[in-house]
Amino acid sequence: MTETAFAGRMRHEKFFTGAANKRRDDLSYHASILVERIPGRFPYATWNSPEGPRDVAVWCSNDQLGMSQHPRVVGAMVQTVLHAGAGAGGTRDTCGTNRMLLDLEAEIADLHRKQAAVLFTSGYTANSAGLSAIARLVPRCLVISDEHNHHSMIEGISKSGCKKRIWRHNDLEHLEQILKEERGRPTLIAFESIYAMSGDVAPIRQICDLARRFGAITYLNEANAVGICGAGGAGMAEREGLASRIDIIEGTLAHAYGCLGGYITGRTVLVDALRSHALGYAFTNALPPPLCAASLAAIRHLRESSWERERLAQNVATLRAALTRAGLPVGPGEGHILSLAVGDIAVARAMCDALLADFGLHLRPTGYPAVPRDTAYLRILPSSHHDKTMLTVLVNALAEVWRRFEPSWRYQPDAAE
Ligand SMILES: Cc1ncc(COP(=O)(O)O)c(C=O)c1O
């Protein structure tokens, strides 16, 4: 390598080192720990601790109904890989469409009682590619976005190039005020049913009422609700009897369905347009058939079986009550994601390290950029498979680390994510 080439490379490497160090300095550096889930023993996993492998109980997985290890789901994946192979072999247009994708899209549309559905490789892509295409396709579209919307939605809205207005989290008066100010302009209201960080729930009915009054389109992200809420797992809109009043529903197959992939469901004309205009759909290889088969099995299973949902709801209620009794700062909301306010990310990390090393409990802290700077939470995701003893062990351990670290910050809804 010439001297100039070497100097050039070093200069570029400095940018990346600088970027990573900046994250280290403000404590937002991405640090994962190596935890291998144990097949058949959900929610236990093996942590590769400095002293060697150790069993730990997982309290931070999106797989809240244990579907990633369900025999029907695993069986469908294995069967399909044996007769269809591992990958789809192309984008949907080139040579990637197969029966599994079509069946899965039909099942999703039927689940949400919509005309059609379109699959993306993740929930993130569904929002970033799908939402941006939808907004772009409506001339002069204004997008009104809840301030706590997921980054994938924020990215989709930015990419659309449309005018955007942020409405204060779940604040209906503010939403109405913006709708009045922008009256006469084509408008899309983008929001989530259950917010990922705080676990609080949107006033879906009132948002639908405002949308109807002002002629706006509704785009609802149900990533944290599908599989878990509503009859057959169709989400919060279904649970509230509002599915028909939501124009567009987005969901993920990676949370309660335990697999991978994302989707948008709505009217046939919309889905048809998305297939040609959402670049993150058209220019990427299709989801592998085994993954589609597994997702299909998970959706079908959760449409028939409700014990997982009921057990999870019981566990959430028991845990919320026990945390409150123990004086721990659990956030408001009725969702199945529980947040404990810590405030300082360094303290939150130290608490999680102690929970793991001293109690064998795997929880992760949430800080910037998932939530605003100077806020941090411990997020607890109970599952249908945690038992009563595990709940008690968790609450006692949390109470102990709270005594040890004494974080003083309380949950502040206005400062939340
Ligand atoms: C609210 C919300 N939307 C979208 C996503 C992205 O979904 P996926 O993980 O399938 O990309 C997530 C992921 O956690 C989420 O919580």
Side-chain angles (χ1 to χ4, degrees), residues 30 32 58-65 67-68 73 104-105 108 112 117-132 134 143 145-159 169-170 189-202 204 207 218-229 233 235-237 246 248-265 278 280-281 284-288 291-292 294-296 298-299 331 333 335-339 363-367 369-371 377 379-381 383 416-417:
H30 228 96
S32 317
V58 177
W59 284 97
C60 51
S61 174
N62 289 325
D63 186 15
Q64 282 181 279
L65 302 179
M67 281 299 112
S68 74
V73 177
L104 181 55
E105 286 177 341
I108 289 167
H112 290 286
V118 52
L119 281 165
F120 292 83
T121 46
S122 70
Y124 195 102
T125 314
N127 281 323
S128 95
L131 180 50
S132 75
I134 294 166
V143 182
S145 174
D146 185 286
E147 72 173 322
H148 290 182
N149 274 343
H150 192 261
H151 278 283
S152 52
M153 299 171 78
I154 297 169
E155 184 175 300
I157 297 164
S158 306
K159 276 200 312 196
H169 178 54
N170 278 350
I189 303 175
F191 64 113
E192 299 182 22
S193 54
I194 300 181
Y195 285 85
M197 294 300 144
S198 53
D200 62 347
V201 172
I204 304 177
I207 293 170
T218 43
Y219 181 103
L220 177 61
N221 178 345
E222 290 259 37
N224 291 307
V226 286
I228 290 178
C229 305
M236 280 299 280
I246 299 288
I248 305 157
I249 292 179
E250 185 272 349
T252 177
L253 301 166
H255 286 194
Y257 294 125
C259 296
L260 189 74
Y263 60 83
I264 285 178
T265 181
Y281 165 85
T284 192
N285 278 261
L287 281 172
L291 204 48
C292 295
S295 296
L296 189 58
I299 294 174
H336 46 273
I337 300 169
L338 305 175
S339 275
L363 274 85
R364 298 308 293 153
T366 303
V371 295
Y377 298 90
R379 265 174 96 226
I380 309 173
L381 285 100
S383 80
E417 48 297 323

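Every heavy atom of this structure was used, including side-chain atoms; hydrogens, water molecules and symmetry mates were not. First listed ligand is number 1; within each ligand, the first listed atom is number 1. Along the sequence shown, residues are numbered consecutively beginning with 1. Since this is a predicted model, take the numbers as computed values, not measurements.
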Practice problem: May I ask whether Gly262 places a heavy atom under 4.0 Å from ligand 1? | Solution: no
Exercise. Report yes if some N/O of Asn62 lies less than 3.5 Å from some N/O of ligand 1; otherwise report no.
Key: no
Exercise. Check the angle between the aromatic planes of His148 and His169 and answer parallel, tilted or perpendicular using the 30° and 60° thresholds.
Key: parallel
Quiz prompt | Closest approach of Ala129 to Ala278 (non-hydrogen atoms, all atoms of both residues) | solution = O-CB, 3.9 Å
Practice problem: Find all atoms of ligand 1 within a distance of less than 4.0 Å from any non-hydrogen atom belonging to Thr252, and give their numbers and elements. | Solution: 7 (O), 8 (P), 10 (O)
Quiz prompt | Rounded distance (nearest 0.5 Å) linking atom SG of Cys292 with atom CG of Leu287 | solution = 5.0 Å
Quiz item: Purely on distance, is any nitrogen or oxygen of Gly123 under 3.5 Å from one on ligand 1?
Solution: yes
Self-check item: Test of proximity, His255 against ligand 1: N or O pairs below 3.5 Å
Solution: yes
Quiz item: With distance as the sole test, does Glu192 use its side chain to make a donor-acceptor pair with the main-chain N or O of Ala223 at under 3.5 Å?
Solution: no
Quiz item: If you count the atoms of ligand 1 from 1 in the order shown, which ones are under 4.0 Å from a heavy atom of Ala196?
Solution: 16 (O)
Exercise. Heavy-atom distances under 4.0 Å are what count here, so tell me which part of Asn221 touches ligand 1: side chain, backbone, both or neither.
Key: side chain
Self-check item: Asn224 neighbourhood, listing ligand 1 atoms whose heavy-atom distance to it stays under 4.0 Å
Solution: 1 (C), 16 (O)
Practice problem: Among all protein heavy atoms, pick the one closest to atom 11 (O) of ligand 1 and tell me residue, atom and distance. | Solution: Tyr124 N, 2.8 Å
Practice problem: Working to the nearest 0.5 Å, report the span between CD of Glu222 and NE2 of His255. | Solution: 13.0 Å
Practice problem: Let me see the working for Leu291 and Cys259 under side-chain contact (heavy atoms from CB on, under 4.5 Å), right down to the final yes or no. | Solution: CA-CA 7 Å; Leu291 204 48; Cys259 296; 4.2 Å; yes
Practice problem: Could you go through the side-chain contact (heavy atoms from CB on, under 4.5 Å) check for Val143 and Tyr219 one step at a time? | Solution: CA-CA 10 Å; Val143 182; Tyr219 181 103; over 6 Å; no
Practice problem: With heavy atoms of Ser152 as the reference, note each atom of ligand 1 found under 4.0 Å away. | Solution: 4 (C)
Quiz prompt | Contact atoms of ligand 1, heavy-atom distance to Glu192 under 4.0 Å | solution = 1 (C)
Quiz prompt | Sub-4.5 Å side-chain heavy-atom contact between Phe191 and Leu220 | solution = yes
Quiz item: Nearest heavy atom to atom 5 (C) of ligand 1: which of Glu250, Met153, His150, His151 does it belong to?
Solution: His150
